[in-house]
Amino acid sequence: MSVKSLFIYDGECPFCNHFAQLLELKSSLTELEILDGRKNLALLSQLYNQGYDLNKGAILIKDEKIMHGADAINWICSEIKEPSDSLLEVLRIIFTSNKRTNFLFPFLLWGRRLSLTLKGKVWQPVSENSQYY
């Protein structure tokens with residue numbers, strides 16, 4: 001990757017948070033900036049108003065192109081070449097297939113919602129009714 005890319009995830013979701021930490025520490029994607037969307041609500045609100053809802057998946061901005069949800073995860077996993085973590089290697093293998101990513105992604109969203117509910121957190125950090133929680 002020659003141009004810096006921005007990956008925006010939900011820092012309250014334990015799965016999203018762990019994936020972001022693995023990417024930051026073990027993926028060797030040096031041109032990937034990782035951002036907790038809940039700590040950057042102004043940017044999240046701007047993206048929401050453009051149709052990109054963090055509640056429906058992580059957001060990736062690369063070369064002014066925005067990828068969302070399954071597409072963002074698929075692109076990132078396709079860019080990981082030799083991760084230094086076995087879990088990240090498994091995720092890379094699973095999510096480099098567009099077909100598998102699209103099939104599994106709804107289950108990931110369901111797991112995120114369940115984990116946020118159990119933690120007592122809102123699912124949507126930004127919505128039509130409230131731009132800032």
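From a predicted model like this one, the values you see are computed outputs, not experimental measurements.
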First locate atom CG of Leu47, then atom CD1 of Ile59, and finally report the distance between them rounded to the nearest 0.5 Å. 5.0 Å

Can you run down the ring pair (Phe, Tyr, Trp, His ring centres under 6.0 Å) pairs that involve residues 21-41, sequence neighbours left out, and say none if there aren't any? none

Between the main-chain N or O of Ala70 and the side-chain N or O of Thr101, is there a donor-acceptor pair closer than 3.5 Å? no

Could you state the interatomic distance from CD (Gln46) to CG (Asn40), rounded to the nearest 0.5 Å? 11.5 Å

Check whether any side-chain heavy atom of Ile61 sits under 4.5 Å from a side-chain heavy atom of Tyr52, and report yes or no. no

Can you hop from Ile93 to Phe107 via hydrophobic side chains spaced under 4.5 Å? no

Residues 96-113 vs salt bridge (Lys or Arg N to Asp or Glu O under 4.0 Å), sequence neighbours excluded, gives Asp10-Arg112

Approximate separation, where rounding is to 0.5 Å, of Lys119 NZ and Cys13 SG: 7.5 Å

Output the rest of the hydrophobic cluster of Trp110: all Ile, Leu, Val, Met, Phe, Trp and Tyr residues reachable through side-chain heavy-atom contacts under 4.5 Å, sorted by chain and number. Leu114, Leu118

Looking at Tyr48, is its backbone amide N or carbonyl O close enough to the side chain of Asp53 to form a donor-acceptor pair, meaning the two atoms are under 3.5 Å apart? no

CD1 (Ile34) and CG (Leu23) are apart, to the nearest 0.5 Å, by 5.0 Å

For the pair Tyr9 and Asp36, evaluate side-chain contact (heavy atoms from CB on, under 4.5 Å) and give the outcome as yes or no after the intermediate values. CA-CA 5 Å; Tyr9 72 100; Asp36 178 352; 3.8 Å; yes

Phe19 side chain near Cys77 side chain, heavy-atom distance below 4.5 Å: yes

Looking at every non-hydrogen atom in both residues, tell me the closest pair between Ile73 and Ala58 and how far apart they are. CD1-CB, 4.4 Å

Could you please spell out the steps behind the side-chain contact (heavy atoms from CB on, under 4.5 Å) verdict for Ile80 and Leu91? CA-CA 10 Å; Ile80 298 170; Leu91 294 173; over 6 Å; no

From His68 atom NE2 to Gln50 atom CD, the distance as rounded to the nearest 0.5 Å: 11.5 Å

Min side-chain heavy-atom separation Phe15-Leu108 under 4.5 Å: no

Within one Ile-Leu-Val-Met-Phe-Trp-Tyr cluster: Leu35 and Leu25, side-chain cutoff 4.5 Å: no

Could you check if a side-chain atom of Ile76 sits within less than 4.5 angstrom of a side-chain atom of Phe95, using non-hydrogen atoms only? no

Test side chain to side chain contact (heavy atoms under 4.5 Å, CB included) applied to Asp85 - qualifying residues, sequence neighbours left out: Leu22, Lys26, Leu87, Leu88

Rounded to the nearest 0.5 Å, how far apart are CD of Glu12 and CZ of Arg38? 5.5 Å

Could you walk me through whether Leu32 and Leu60 pass the side-chain contact (heavy atoms from CB on, under 4.5 Å) check? CA-CA 9 Å; Leu32 184 66; Leu60 179 75; 3.9 Å; yes

Write out all pairs satisfying salt bridge (Lys or Arg N to Asp or Glu O under 4.0 Å) with one or both partners inside residues 89-98, taking only residues at least two apart or from two chains. Glu89-Arg92

Is Leu29 close to Phe7 at the side-chain level, that is, under 4.5 Å between some pair of heavy atoms? no

List for me each residue that meets salt bridge (Lys or Arg N to Asp or Glu O under 4.0 Å) alongside Lys81, sequence neighbours excluded, and say none if there are none. none

Is it the case that one hydrophobic cluster holds both Leu6 and Leu54, taking links as side-chain heavy atoms less than 4.5 Å apart, direct or via other members? yes

